Amino acid sequence: MSQIITLEQLKSLVDSLIKDGAKVAAPVVAENGRSFYQYLDDSSSMLLNGFNKSFNSIKEFFFPKHEVLYQFVRQENDVLLTDAVPFETSQYIFGARPCEAAALPILDPLFAWDYQDRFYQQRREKTTVISMACLESDSHCFCSAVGGSPENPNGSDVMLYDLGDGSFEVRCLTEKGKQLFNGKTNASDKTGTACSPPIKTFDIEKIQLWLKDKDHFNDPFWEEASLRCVGCGICTFVCPTCHCFDIVDEGSFKKGERVKNWDSCQSALFTLHASGHNPRSTQGQRQRQRITHKFSIYPDKFGVLLCSGCGNCSRHCSAALGVKPFLKTIEER
């Protein structure tokens, strides 16, 4: 027997969590017609049906765009430092796609590597992820090529399957998930299914061998394939696994904050030295860094690809670039 819950019951659950003081995020349709993951005031705007590929990524609920590390105030010859308030609020993300949730265990070793990032780790500990198994995919999806699937359980605490009748099968994958849905589901003989995985259009292992070949580091391909890239960085900002950031002091000499802000390896300023030298002065070199990092450098260090195959980078690129087109071209060389 499976366990099911109706949409109305799900909304009631969301409203009760918000009422109890928890932070709850879910896909919401904006005025421009695009959907975004954002915090809810109530369940009325929550989008849990249809093929939803939100413009942003759930990573911002664990790794915010702007995060205060500490505040400082100068008092004569002393400087008073005040640590940021710890993240102690329970957080729930409803309607995450499996490729979004799968990015979390990919990022976990990075934020617990040579430095324990308590900001990220506190959010991970306090967050429960309720994902939606995919009922369809589009031409940008390639989760199957990087070891994922439309019902990939990695990173999810609960997987919901849309039954098409206003109800969902609930599959609890972790203790967090079991605690959340304990006593809130009904037994049923209905079982949900996910869509078929996207057809694999390239071989990752073959591409990795090409990337590791030193003769390809300065291959003209990088510049040729990047000619239409404008360096806007949208591919990195919507990616659930990209994690470049900068740490700066904001405020004045007398008082301010040390903050962590998102950055992008696709920006010309990202590697610009104070001397004026830039080791990645062209867009081709910056694209080479992004692709090589995801499929060679990161796997060598942490044993996992820095990509979940979500397709956000190409789906939202104004120049029709992104990871998938680059990988397909590399394999054809």
Side-chain angles (χ1 to χ4, degrees), residues 18 20-25 36-41 55-93 100 103-129 231-281 286 289-290 293 297-298 301-302 306:
I18 295 173
D20 289 340
K23 290 178 175 290
V24 179
F36 292 82
Y37 292 109
Q38 65 182 48
Y39 286 123
L40 305 176
D41 293 323
F55 188 81
N56 60 337
S57 166
I58 68 169
K59 75 177 176 186
E60 64 187 66
F61 301 106
F62 303 89
F63 169 44
K65 299 173 185 176
H66 174 86
E67 185 169 39
V68 177
L69 304 180
Y70 63 80
Q71 297 175 324
F72 60 89
V73 177
R74 184 172 295 277
Q75 297 178 334
E76 296 181 353
N77 294 328
D78 294 326
V79 177
L80 176 64
L81 302 180
T82 305
D83 281 340
V85 177
F87 190 88
E88 297 180 340
T89 305
S90 295
Q91 179 170 252
Y92 300 86
I93 300 176
E100 290 280 348
L104 299 175
I106 293 174
L107 289 176
D108 285 346
L110 173 80
F111 289 103
W113 171 40
D114 59 343
Y115 176 77
Q116 298 295 320
D117 191 321
R118 63 183 176 89
F119 298 93
Y120 173 87
Q121 292 170 356
Q122 286 170 349
R123 286 182 167 82
R124 278 288 274 141
E125 181 182 350
K126 293 290 184 179
T127 304
T128 302
V129 180
C232 69
I234 188 64
C235 56
T236 63
F237 297 137
V238 299
C239 172
T241 61
C242 278
H243 51 265
C244 291
F245 63 87
D246 192 13
I247 294 179
V248 297
D249 290 338
E250 297 181 352
S252 67
F253 173 76
K254 293 184 178 180
K255 65 178 182 178
E257 300 171 329
R258 177 156 292 183
V259 300
K260 181 165 62 177
N261 295 326
W262 281 9
D263 207 340
S264 172
C265 65
Q266 296 306 289
S267 166
L269 297 178
F270 186 72
T271 50
L272 181 63
H273 294 186
S275 66
H277 171 64
N278 193 336
R280 296 186 207 132
S281 58
R286 292 188 276 274
Q289 166 62 23
R290 184 164 187 264
H293 184 209
I297 299 172
Y298 199 89
K301 190 166 193 65
F302 296 114
L306 188 64

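What you see is a predicted model, and the numbers here were worked out from it, not measured in a lab.
Counting non-hydrogen atoms of neighbouring residues, nucleotides and ligands closer than 6.0 angstrom, the CG atom of Asp20 exceeds 12 such neighbours. Counting non-hydrogen atoms of neighbouring residues, nucleotides and ligands closer than 6.0 angstrom, the CG atom of Asn77 reaches no more than 12 such neighbours.
How far NZ of Lys65 is from CD of Glu60: 4.5 Å, rounded to the nearest 0.5 Å. Distance check, rounded to the nearest 0.5 Å: CG of Leu69 to CG of Leu81 gives 11.5 Å. With values rounded to the nearest 0.5 angstrom, Glu257 atom CD is found 11.0 Å from Tyr70 atom OH. With values rounded to the nearest 0.5 angstrom, Leu269 atom CG is found 8.0 Å from Asn278 atom CG. A distance of 5.0 Å separates CD in Gln75 from CG in Leu80, rounded to the nearest 0.5 Å. To the nearest 0.5 angstrom, Leu40 atom CG is 11.0 Å from Ile93 atom CD1.
Looking only at distances, no side-chain donor or acceptor of Asn56 sits under 3.5 Å from a matching main-chain atom of Phe36. Side-chain N or O atoms of Arg290 include one that pairs as donor or acceptor with a backbone N or O of Cys235 at under 3.5 Å. Of the possible polar contacts, one joining the Tyr298 side chain to the Ile106 backbone as a donor-acceptor pair under 3.5 Å is found. Listed for the Asn261 side chain is no donor-acceptor partner under 3.5 Å among the backbone atoms of Val248. One N or O on the side chain of Glu100 and one on the backbone of Ile58 form a donor-acceptor pair closer than 3.5 Å.
The side chain to side chain contact (heavy atoms under 4.5 Å, CB included) check on Glu88 picks up Pro86, with sequence neighbours excluded. The salt bridge (Lys or Arg N to Asp or Glu O under 4.0 Å) check on Lys126 picks up nothing, with sequence neighbours excluded.
The aromatic rings of Phe63 and Trp262 sit tilted relative to each other, their planes meeting at an angle between 30° and 60°.
Thr127 has its side chain out of reach of Phe61: every pair of non-hydrogen atoms, C-beta onward, lies at least 4.5 Å apart. Annotation: side chain of Thr82 is not in contact with side chain of Val73 (no heavy-atom distance under 4.5 Å). Residues Arg286 and Phe270 fail the side-chain proximity criterion, which asks for heavy atoms closer than 4.5 Å. Taking the side chain as every heavy atom from C-beta outward, Lys59 and Cys242 approach each other to under 4.5 Å.
Closest approach of Thr241 to Leu107, counting heavy atoms only: O-CD2, 3.2 Å. Heavy atoms only, all atoms of each residue included: Tyr92 and Ala22 are closest at CE1-CB, 3.7 Å. Across every non-hydrogen atom of Thr236 and Ser264, the tightest pair is OG1-OG, 2.9 Å. Shown here for Phe119 and Val68, the closest heavy-atom pair between the two residues is CE2-O, 3.8 Å. When all heavy atoms of Gly21 and Thr89 are compared, the closest pair comes out as O-CG2, 3.4 Å.
Across Tyr120, Phe245, Phe302, a single residue satisfies ring pair (Phe, Tyr, Trp, His ring centres under 6.0 Å) together with Phe111, and that is Tyr120. Of the candidates Lys260, Arg124, Gln122, Arg123, Lys260 is the only one forming a side-chain hydrogen bond (donor to acceptor under 3.5 Å, both in side chains) with Asp117.
Within the structure, no pair that satisfies the salt bridge (Lys or Arg N to Asp or Glu O under 4.0 Å) test touches residues 68-87, not counting sequence neighbours.
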Any chance you could lay out the side-chain contact (heavy atoms from CB on, under 4.5 Å) test for Tyr39 and Gln91, step after step, and finish with the verdict? CA-CA 10 Å; Tyr39 286 123; Gln91 179 170 252; 2.4 Å; yes

